[in-house]
Visitor: 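Right, I'll just put the structure down here and ask away after.
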Amino acid sequence: MPTPYNHKEIEKKWRKYWQENPVNVNDGKKPKYYCLDMFPYPSGSGLHVGHWRGYVISDVWSRYKLLNGYYIIHPMGWDAFGLPAENYAIKMGVHPRVSTAENIATFKKQLEDISAIYDWDMEVNTTDPEFYKWTQWIFVKMFKAGLAYQKEMPINWCPSCKTGLANEEVVNGECERCGTPVTKKNLKQWMLRITKYADRLLEDLNKLDWPEKVKKMQTDWIGKSYGAEVDFEVQGSDKTIKIYTTRPDTLYGATFMVLAPEHAMVSELTKPEQKEAVEEYIQKALMKSSVDRMQDKEKTGVFTGSYAINPLTKKPIPIWISDYVLADYGTGAIMCVPAHDERDFDFAKKFGIPIIQVISKDGKEVPELNEAYTEPGIMINSGEWNGMDSETAKKEIPDLLEKMGIGKKTVNYKLRDWVFSRQRYWGEPIPIVHCEDCGPVPVPEEELPLLLPDVEKYEPTGTGESPLANIHEWVNTTCPQCGKPAKRETNTMPQWAGSSWYFLRYVDNKNDKELVSKEKAQKYLPVDMYIGGVEHAVLHLLYSRFYTKFLKDIGVVDFDEPFIRLFNQGMIVKNGAKMSKSKGNVVSPDDLVRDYGRDSLRLYELFVGPPELDSEWDDRGIDGVYRFLNRFYNLVMDNKDKTVEPTQEMIKLRHRFVHDITTRLENFSLNTVVSGFMEYNNKMIDLVKKAGGIDRDTLETAIILLAPFAPHISEELWAQMGHDTSVFKNTWPTYDEEMLKDSEIEIAVQINGKTRGTVMIPADASKETAINKAKEVLAGKISGTIIKEIYVPGKIVNIVVK
RNA sequence: GCGGAUGUGGCGGAAUUGGCAGACGCGCCAGACUUAGGAUCUGGUGGGCGACCGUGGGGGUUCGAGUCCCUUCAUCCGCACCA
């Protein structure tokens, strides 16, 4: 009868031990390794097994690095500003500060169940004034650097959250948070000039060891394009219209022009007879929600009555207005080449505008174009450019246009400045005072933090004003510059503000003089490994990179990328869906911790599937890893006191064990690491059956290898082996390449590529030996003439017959 | 529409550079021990009676393809009138 493995007692014992004897200590000599989790928003519903996954991955990686001799920075904190706490306050009348504190307490307790090596001395909380003091400080620095500015413009507005949103927060025309279709609202907003960093944000992606997918998403979001601006004269006027195009090679084919409805020149270009139609169209266009605007691919438009002159053909072309042209990209006006642009083609077809081909596949015009030809080709109908290759023309024409004085080479970005104001309560107050004489004046740095005052009512006003606007004693203040009565800015910052830099603060979280000291920043930053979900690919991860670059520019840190390596773990799904309360498919870790223990749950979190992919949770699956731990426990307990001389077989097994676990771990193939443990455990059990025991070195090596994954049981077994120090005081085992080799190996024997058996041959067998041995195995199975004999050393013998 | 990922037993998933497909685990079947078994242990488990057939489908390259090439389908994700 095997000894039952008592996970409850063992885990209790070692959790207490670690509290009293931390295993991750900074002796000042070890190199640092900063392994960071994306810090959670402490919601009221607590953690489920999906949350555990990323935290287990990062803890396994941290402990592995610990065993490799690093001092691990593995902190945890709270991204605690945000709407749920505020909505809860509105509903229940509980101050967000109170509910947030409660949620943090719950979360912390649940997180501690993972038994990760978090350093809770480093804990940060974005809603702590000592923390948001520095969030505000960064804003002030940005303001002083001209990177924070105010602008009145139509912004994305969520009618349900009653607040403005950044572009990044609008997903398919809907609010990222609540799914309500986003509308436009004209508001005076604080903006951050992230576009100033567009090129650096794009270029520096090359430096990063990040998933290609995320790099691609950021590249696309920044959306750099190369093209030209061209001036078109307005017929019968001295005005010109500037357009942006990425296809200057098609300029001869421009047969009309379209302006965005919001374009500044619309009214002056509109002829009296078209006035009514134009105004009606613009009215309609502005009413459209972004969802409608995205879904309606059917082209609409209205003619202004005016004409522009194509600068090359000198022919007049009509100027139209249409909402398929975006006001805030390029110049808000385009030249239209229906023959070579799908959208222009649709528009021209609908409104009967001439289509002139200027790029051809083979130098010849197509009799009737059924769709736009958007490929490169040979230029036709293009005056002196005829016969040129369009790709070459694309590069050369902008310079020609510049010489002609009608255009120039330009680049454009899809990235927009960051709308930074939120009309909500539970966020960092923007530290600005509005003075009639001095304009917006930052709160002096020494007066930070500017505390978020308590309010009676948290409800967003819905008018575009923050609930803070009602607290007169707070709003009314004096100008820090001239001392006259002035009013405070009442908008708050978006939730991203704190998360854009929190990772810098962990390593110096009690510093009241600086955001982070130079010394600590140099010693402990940046983050070596960042682990979290992919959902922040263009939000948090882009903002953090922007903040870091700015902080480098003002000398706070000396690196310009915050996260050297990024790993996105997949979701845990149940019944094919992401775990959520509303779907009722949430699996709580609490019962599993009770019934199977933390070690089992940690292993199973890894065993469910490849860490980078979504994995289906199977409640029964955890039995497998639990049984494995039991068997391993009993293997060690039954054999620890035997004195067994290691056989060659045992030594080889040990080296292979180390090799397999290490390479799989290095490749982040954590699911196969767990299966590897099971495999080798089975092999060790077989060996014991055969040899009556197993050597001590192999058992101890196995325990050390398992330690990052199942730390409690490993500590226990390490102690059972007779040690009185932690298993984490060891260094990660190494292996000898030579020991991985065998002198005799089994290879497959095939006829015509189909396996017909196996044969044992010496590893260094000659082709002749191998093939002769193989033929013995095949005996009479070969029929026909042998036309070829193939031997791939170490792999296979293949006899080709006819 | 564009871009990306994925597709392998009843299920989750393994498989350096092309080289014994299905490791490991769940489940299932049989047996052992038991008053009992939803515990534990042992054995078995892709399909087909079979020669053989099998990695979403169809082609191709190769002595040999889950892996490479072409094509096609399905699911998921990202972007979506960016000129």
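Every chain is numbered from 1 and lettered A, B, ... according to where its sequence line falls, protein lines coming before strand lines.
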Visitor: Find the distance A/Gln750:CD to B/C20:P and express it as a whole number of Å.
Guide: 7 Å
Visitor: Would you say A/Arg664 places a side-chain N or O within less than 4.0 Å of OP1 or OP2 belonging to B/A15?
Guide: no
Visitor: Any donor-acceptor pair, under 3.5 Å, between the side chain of A/Lys795 and the base of B/U17, if you only look at N and O atoms?
Guide: yes
Visitor: Could you check if the base of B/G9 is syn or anti? Syn means the glycosidic torsion is within 90 degrees of 0.
Guide: syn
Visitor: Specify the separation, in whole Å, of atom CG of A/Asp614 and atom P of B/G12.
Guide: 13 Å
Visitor: Classify the nucleic acid contact of A/Asp328 as base, sugar-phosphate or nothing, counting any heavy atom under 4.0 Å across all strands shown.
Guide: nothing
Visitor: Consider the side chain of A/Lys216, meaning its heavy atoms from C-beta on, and name the nucleotide among B/G12, B/G3, B/G27 that approaches it most closely.
Guide: B/G3
Visitor: Per the side chain to side chain contact (heavy atoms under 4.5 Å, CB included) rule, which among A/Asp599, A/Asp618, A/Val674 passes with A/Tyr604?
Guide: A/Asp618
Visitor: Validate the cation-pi geometry between A/Lys683 and A/Tyr680: distance from NZ or CZ to the six-membered ring centre under 6.0 Å, angle to the ring axis within 45°.
Guide: yes
Visitor: Consider the side chain of A/Tyr324, meaning its heavy atoms from C-beta on, and name the nucleotide among B/C24, B/C81, B/A39 that approaches it most closely.
Guide: B/C81
Visitor: Any base atoms under 4.0 Å from A/Lys213, or only sugar-phosphate, or nothing? Heavy atoms, all strands.
Guide: sugar-phosphate
Visitor: Between A/Trp210 and A/Phe567, does the ring pair (Phe, Tyr, Trp, His ring centres under 6.0 Å) criterion hold? Intermediate values first, please.
Guide: CA-CA 7 Å; A/Trp210 282 21; A/Phe567 182 82; over 10 Å; no
Visitor: Using atom C1' of each nucleotide, how far apart are B/A65 and B/G19 to the nearest Å?
Guide: 10 Å
Visitor: Both distances below 3.5 Å, Watson-Crick or wobble geometry, any strand: find the nucleotide opposite B/G10.
Guide: B/C26
Visitor: Look through every strand shown and name the nucleotide pairing with B/G54 as Watson-Crick or G-U wobble, where both distances are under 3.5 Å.
Guide: none
Visitor: Can you tell which of B/A23, B/G25, B/C53 lies closest to the side chain of A/Met678?
Guide: B/G25
Visitor: Using a 4.0 Å heavy-atom cut-off across all strands, classify A/Asp618 as base, sugar-phosphate, or nothing.
Guide: sugar-phosphate
Visitor: Side chain of A/Arg620: nearest nucleotide among B/A15, B/G27, B/C24?
Guide: B/G27
Visitor: Side chain to side chain contact (heavy atoms under 4.5 Å, CB included) with A/Trp320: which of A/Val325, A/Thr304, A/Ile353?
Guide: A/Ile353
Visitor: So, under a plain 3.5 Å distance rule, would you say the side chain of A/Glu746 forms a donor-acceptor pair with the base of B/C20?
Guide: yes
Visitor: Would you measure the distance from the P atom in B/C69 across to the matching atom in B/U61 and give it in whole Å?
Guide: 15 Å
Visitor: Between B/G37 and B/G31, how far apart are the two P atoms, rounded to whole Å?
Guide: 12 Å
Visitor: Round to a whole Å and report the spacing from CD1 of A/Ile790 to C1' of B/U62.
Guide: 9 Å
Visitor: Side chains of A/Asn156 and A/Lys184 only: does a donor on one sit below 3.5 Å from an acceptor on the other?
Guide: yes
Visitor: Using a cut-off of strictly less than 4.0 Å, decide whether A/Ser225 has a side-chain nitrogen or oxygen near OP1 or OP2 of B/A83.
Guide: yes
Visitor: Looking at the side chain of A/Arg631, which of B/G25, B/A15, B/G13 is the nearest nucleotide?
Guide: B/G25
Visitor: When you check the phosphate oxygens OP1 and OP2 of B/G25, does a side-chain N or O of A/Arg627 lie under 4.0 Å from one of them?
Guide: no
Visitor: With no hydrogens and no angle check, do the side chains of A/Ser669 and A/Thr672 hold a donor and an acceptor under 3.5 Å apart?
Guide: yes
Visitor: In whole Å, what is the span from the CD atom of A/Glu168 to the C1' atom of B/A80?
Guide: 16 Å
Visitor: Within the structure, does a side-chain N or O atom of A/Thr755 lie under 4.0 Å from either OP1 or OP2 of B/A21?
Guide: yes
Visitor: Measure from OH on A/Tyr680 to P on B/A14 and round the result to the nearest Å.
Guide: 17 Å
Visitor: Of all the choices, B/A83, B/A23, B/G25, which nucleotide is nearest to the side chain of A/Leu326 once you look at every atom?
Guide: B/A83
Visitor: Using purine N1 to pyrimidine N3 plus N6-O4 or O6-N4 for Watson-Crick, or N1-O2 and O6-N3 for G-U wobble, each under 3.5 Å, what pairs with B/A36?
Guide: none
Visitor: Between B/U6 and B/A14, how many Å separate the two P atoms, rounded to a whole number?
Guide: 11 Å
Visitor: Rounded to the Å, how far apart are A/Asn752 CG and B/U62 P?
Guide: 15 Å
Visitor: Just name whichever nucleotide pairs with B/G1, Watson-Crick or G-U, keeping both distances under 3.5 Å, else none.
Guide: B/C79
Visitor: Considering every strand shown, what is the Watson-Crick or G-U wobble mate of B/G31 when both distances are under 3.5 Å?
Guide: B/C41
Visitor: Measure from the side-chain heavy atoms of A/Tyr329 and tell me the nearest of B/A83, B/U40, B/C20.
Guide: B/A83
Visitor: Tell me which nucleotide among B/A83, B/C26, B/A5 gets nearest to the side chain of A/Thr246.
Guide: B/A83
Visitor: Whole Å only: how far is the CG atom of A/Leu603 from the P atom of B/G12?
Guide: 21 Å
Visitor: Work out how far the C1' atom of B/G7 is from that of B/U55, and round it to whole angstrom.
Guide: 9 Å
Visitor: Distance check, P atoms only: B/U67 and B/A5, in whole angstrom units.
Guide: 16 Å
Visitor: So, A/Glu168 and A/Trp221: side-chain donor and acceptor under 3.5 Å apart, yes or no?
Guide: yes
Visitor: Measure from the side chain of A/Tyr244, starting at C-beta and using heavy atoms only, and say which of B/A23, B/A83, B/G19 lies closest.
Guide: B/A83
Visitor: Indicate, with a heavy-atom threshold strictly under 4.0 Å, whether A/Asp344 touches base, sugar-phosphate, or nothing.
Guide: nothing
Visitor: Between B/G38 and B/G27, how far apart are the P atoms? Round to whole Å, please.
Guide: 12 Å
Visitor: Using both distances under 3.5 Å as the test, list the Watson-Crick or G-U wobble partner of B/G64, or none.
Guide: none
Visitor: Step by step, work out the side chain to side chain contact (heavy atoms under 4.5 Å, CB included) result for A/Val608 and A/Arg53.
Guide: CA-CA 10 Å; A/Val608 272; A/Arg53 192 181 200 188; 4.2 Å; yes
Visitor: Is any side-chain N or O of A/Asn681 closer than 4.0 Å to OP1 or OP2 of B/C24?
Guide: no
Visitor: Report yes if the side chains of A/Tyr226 and A/Lys395 come closer than 4.5 Å at any heavy-atom pair, otherwise no.
Guide: no
Visitor: Taking the side chain of A/Ile796 as its heavy atoms from C-beta onward, which of B/C20, B/A83, B/C77 lies nearest to it?
Guide: B/C20
Visitor: Using atom P in both nucleotides, what's the gap between B/G13 and B/G43 to the nearest angstrom?
Guide: 28 Å
